[in-house]
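Structure record follows, encoded as structure tokens.
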Protein chains: 2
Amino acid sequence: MDHIDRALLEQLQQDATQSYAALGQAVGLSTGAAHERVRKLREHGAIRRTTADVDPSALGYGVLAYVTVDSTRWMGDTAPEFAALPEIVEAHIIAGNASVLVKVRTASTEQLQDVLRRIHAIDGVNGTRATIVLESLFERPASPYGAGAAG
Amino acid sequence: MDHIDRALLEQLQQDATQSYAALGQAVGLSTGAAHERVRKLREHGAIRRTTADVDPSALGYGVLAYVTVDSTRWMGDTAPEFAALPEIVEAHIIAGNASVLVKVRTASTEQLQDVLRRIHAIDGVNGTRATIVLESLFERPASPYGAGAAG
DNA sequence: ACAAGAGACCGAACAACCTTCGGCCTCATT
DNA sequence: AATGAGGCCGAAGGTTGTTCGGTCTCTTGT
């Protein structure tokens, strides 16, 4: 994972449809060498997959909310129960007052309420606190640079 | 935006590297028709871009945190100031106690502290509350289904 | 009812690209 | 100094992207 790999990741985050020839030229490598580098990045899991970034509003998701979930039991093995709700796009175990933080996208506030109801139905859950997003300033992938020298 | 478009989006979210022939076969269309559909999905902004999903830990980001930001002024036009910090991967204006919610990835808690310091330096910011993520259960794209009928 | 037009699909053809391979170079090891 | 591994380049062939003409099905207007 050197600076060329980071440059490749940066390029592929911006546009994964570009050719290996263009990719190689962007980082100063031949087509074959760029291909080999990217193949290894995939193989080692640095690139988990290449995916289409879909606009949530095009899917009818106009409402975004973060919900903290309180519980009376250990939530470390409840991933399937949260994943079963398609409106939940992220779920994390957190330190602090609540046990779990989930990110929810719905078409309406009524539908958000329904998701909260279904979260309450999960075993051990005894409370939720929803925070509605009024406007998203930006959402972007993690930068391959800026993580480098922690000191 | 019919059920075929949604099936195409589902396919492309899972794997954007598959051929148009495979894509067409998955949704019951010819190669040319699948290509034309996807072209229009891009043109209309439903597909914002196709991108490599990079593992944050491969970039050295071992720490994930959500930070609520309190402020003494209107934060609706501060997107550039938050975007200037590469460790911030999301920023939202929220309803509720705080003004802004940001998602932060860093290599260490020391680096997280440094990000908090730089957030404090933004004009109008007078407080932050960080919530550390202990374990991510999952992070996934929004489902093309499940947004449709609210009932 | 019927003609006209738009939109979408199919199948095929050509250009562009992916993928692999042999050969070369560099560097670390012995 | 010899050896082996790893990475790069350039080229070749098989695969894919992209375009285009023709056909079909709806919708629109008279």
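Per chain, numbering begins at 1; letters A, B, ... match sequence-line order.
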Problem set entry | Enclosure of Q113(B) CD (heavy-atom neighbours >12, cutoff 6.0 Å) | no
Exercise. With sequence neighbours left out, what residues match H120(A) under side chain to side chain donor-acceptor pair (under 3.5 Å)?
Worked result: T128(A)
Seminar exercise, completed: From CE of M1(B) across to P of dA8(C) the rounded distance in Å is 13 Å
Using a cutoff of under 3.5 Å, can you pull out all pairs of nitrogen or oxygen atoms linking the protein to nucleotides 13-16 of chain D, with atom names and distances?
none

For this session: Could you identify which residues of residues 33-48 of chain A place a heavy atom less than 4.0 Å from some atom of DNA chain D, listed by residue number, or say none?
Result: A33(A), R37(A), K40(A)
For this session: Just do the ring pair (Phe, Tyr, Trp, His ring centres under 6.0 Å) check on H92(A) and Y66(B) with the steps written out, would you?
Result: CA-CA 10 Å; H92(A) 309 278; Y66(B) 285 89; 5.6 Å; yes
Problem set entry | From CA spacing to verdict: side chain to side chain contact (heavy atoms under 4.5 Å, CB included), V133(A), I93(B) | CA-CA 6 Å; V133(A) 169; I93(B) 306 292; over 6 Å; no
For this session: Note down the inter-axis angle between the two ends of the helix from dA1(C)-dT30(D) to dT30(C)-dA1(D), five pairs each, to the nearest 10°.
Result: 40°
Exercise. What's the verdict on salt bridge (charged side-chain N to carboxylate O under 4.0 Å, His left out) for R118(B) and E81(B), showing C-alpha distance, side-chain angles and the deciding distance?
Worked result: CA-CA 10 Å; R118(B) 281 180 281 161; E81(B) 328 207 13; over 6 Å; no
For this session: Please state how far atom CG in D2(B) lies from atom C1' in dG7(C), giving the value in whole angstrom units.
Result: 13 Å
Exercise. Between R39(B) and E36(B), does at least one N-O distance fall below 4.0 Å, as a salt bridge requires?
Worked result: yes
Exercise. I4(A) has an atom CD1; how far is it from atom P of dG6(D), in whole Å?
Worked result: 18 Å
Check nucleotides 20-23 of chain D against the protein and report each pair of N or O atoms closer than 3.5 Å, with its distance, or say if there are none.
none

For this session: Before accepting this row, confirm whether a basic side-chain N of the pair D123(A)/R73(A) lies closer than 4.0 Å to the acidic partner's carboxylate O.
Result: yes
For this session: Taking only Lys NZ, Arg NE, NH1 and NH2, and the carboxylate oxygens of Asp or Glu, determine whether E90(A) and K103(B) approach each other closer than 4.0 Å.
Result: yes
Exercise. Where does the angle between the aromatic ring planes of H35(A) and Y20(A) fall among parallel (under 30°), tilted (30 to 60°) and perpendicular (over 60°)?
Worked result: perpendicular
Exercise. So R37(A) and D2(A), salt bridge (charged side-chain N to carboxylate O under 4.0 Å, His left out) or not? Walk me through it.
Worked result: CA-CA 11 Å; R37(A) 287 251 192 180; D2(A) 57 10; 2.9 Å; yes
Problem set entry | Distance, rounded to the nearest Å, where L29(B) contributes CG and dC24(D) contributes P | 18 Å
For this session: Please collect all salt bridge (charged side-chain N to carboxylate O under 4.0 Å, His left out) contacts where either partner lies in residues 7-29 of chain B, sequence neighbours excluded, each pair once.
Result: none
